[in-house]
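Order of the sequence lines fixes the chain letters, A, B, ..., with proteins taken first and strands second; residue numbering starts at 1 for each chain. None of these values were measured; they are calculated from a predicted model.
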Number of protein chains: 2
Amino acid sequence: MAKIDAAKLGEYIREQRMAAEISVRQLARTAGVSNPYLSQVERGLRRPSAEILARIAAGLRISAETLYVRAGILEEREGDRAVLLAISEDPTLTDRQRRALLEIYAAFQTENSAQQAESHTEEEHLA
Amino acid sequence: MAKIDAAKLGEYIREQRMAAEISVRQLARTAGVSNPYLSQVERGLRRPSAEILARIAAGLRISAETLYVRAGILEEREGDRAVLLAISEDPTLTDRQRRALLEIYAAFQTENSAQQAESHTEEEHLA
DNA sequence: GCAAGCCGCTTGCAATTGCAAGCACTTGCG
DNA sequence: CGCAAGTGCTTGCAATTGCAAGCGGCTTGC
């Protein structure tokens, strides 16, 4: 698990806030945190807890998970892994259905790999 | 976002630790936290940070997300929603493949609903 | 000019987090 | 018996988190 880089996190929060064109005080009010603290967080002087991150995310209207990932609390779910996990853990599927979906997904992955290999081969010809 | 219930979280951690048949000190050492602190966490006297939770989870060989959910940091991803989201967000799939998977998944869901309705009908006959 | 409002930031402080040192107890061995 | 090793917990403390009070700077309207 990556160590939280407060500076990077703060930068990201500031970027998002500026993109939303709101001031520190406005975001702080919306998020329900003190504005000096938010300012400190943006400048990387503090490492906010998950609860504060969730509040800031709500104020920014982005998912809390986005900030958790930035903060190093959560790992980004890689695309293919996310699908495999989600299907495996879905309690609404029967075993047969689960297996079928996983096989189809694997077939698509193979298909995409073959296409990528083909692309590489063409590139080699050109090079 | 639910407020963290330190007592419930602590109970869960203790349960998992006892299920694994390891002592407070053993888990603390494996997890890289102090054993008195772990003891306090288990008794609901402290609210550990996400970082500590991740360490404890690693020591227990469970996913950090499990403890995050218990701690109220993260919300549980509902089964069917997780699959839909994962497929939608998978960058390794082409549009065609994505659509196909979503349709198959939907078909399975319909199939399962039909079977559930059938079960209910049989139950009504018996009742 | 002044007052009011906004801006982001400084500073001191109370509460909390996580740890180190150590306690009392139990168990197994010589 | 005494000792060593293990058990979970108590306690005091340093560091950190998040806040309230307030600063200086800027803009706007009178």
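One atom, CD of B:E51, and another, C1' of C:dT17, lie 12 Å apart when rounded to the nearest Å. Between the C1' atom of C:dT17 and the CD1 atom of A:I52 lies a distance of 15 Å, rounded to the nearest Å. When the P atom of C:dA15 is taken as reference, atom CZ of B:R47 falls 15 Å away, rounded to whole Å. Distance CD1 (A:I56) to C1' (D:dT17): 12 Å, rounded to an integer number of Å.
A distance of 7.0 Å separates CD1 in A:I13 from CD in A:E42, rounded to the nearest 0.5 Å. Rounding to the nearest 0.5 Å places CD of B:E75 at 7.5 Å from CD of A:E65.
Among the nucleotides C:dT10, D:dC9, D:dG18, the one closest to any side-chain atom of B:R14 is D:dC9. Relative to the side chain of A:R46, the nucleotides D:dT17, C:dC9, C:dT17 differ in distance, and D:dT17 lies closest.
In this structure, a donor-acceptor pair under 3.5 Å is present between the side chains of A:S39 and A:R43.
Listed pair A:R43 / C:dC9 meets the phosphate criterion, a side-chain N or O lying under 4.0 Å from OP1 or OP2.
Between B:F108 and A:T94, the closest side-chain pair of non-hydrogen atoms is not below 4.5 Å. At least one side-chain heavy atom of B:R17 sits under 4.5 Å from a side-chain heavy atom of B:R14.
Looking at residues 34-41 of chain B, you'll see B:N35, B:P36, B:S39, B:Q40 sit with a heavy atom under 4.0 Å from some atom of DNA chain D. Interface residues of residues 16-28 of chain A facing DNA chain C, ordered by number: A:R17, A:S23, A:V24, A:R25; criterion, heavy-atom separation under 4.0 Å.
Of the possible polar contacts, one joining the A:Y68 side chain to the B:I73 backbone as a donor-acceptor pair under 3.5 Å is found. Under the 3.5 Å distance criterion, the side-chain polar atoms of B:R98 are matched with a main-chain donor or acceptor of B:L93.
With A:Q16 as the partner, the side-chain contact (heavy atoms from CB on, under 4.5 Å) test is satisfied by one option alone out of A:I62, A:L67, A:I56, A:I22: A:I62.
Looking at residues two or more places apart in sequence or on another chain, you find a side chain to side chain contact (heavy atoms under 4.5 Å, CB included) between B:V33 and B:A28, B:A31, B:L38, B:I52, B:R55.
Each of B:L45 and B:R29 lies near DNA chain D, and the nucleotide nearest B:R29 is the one positioned closer to the 5' end.
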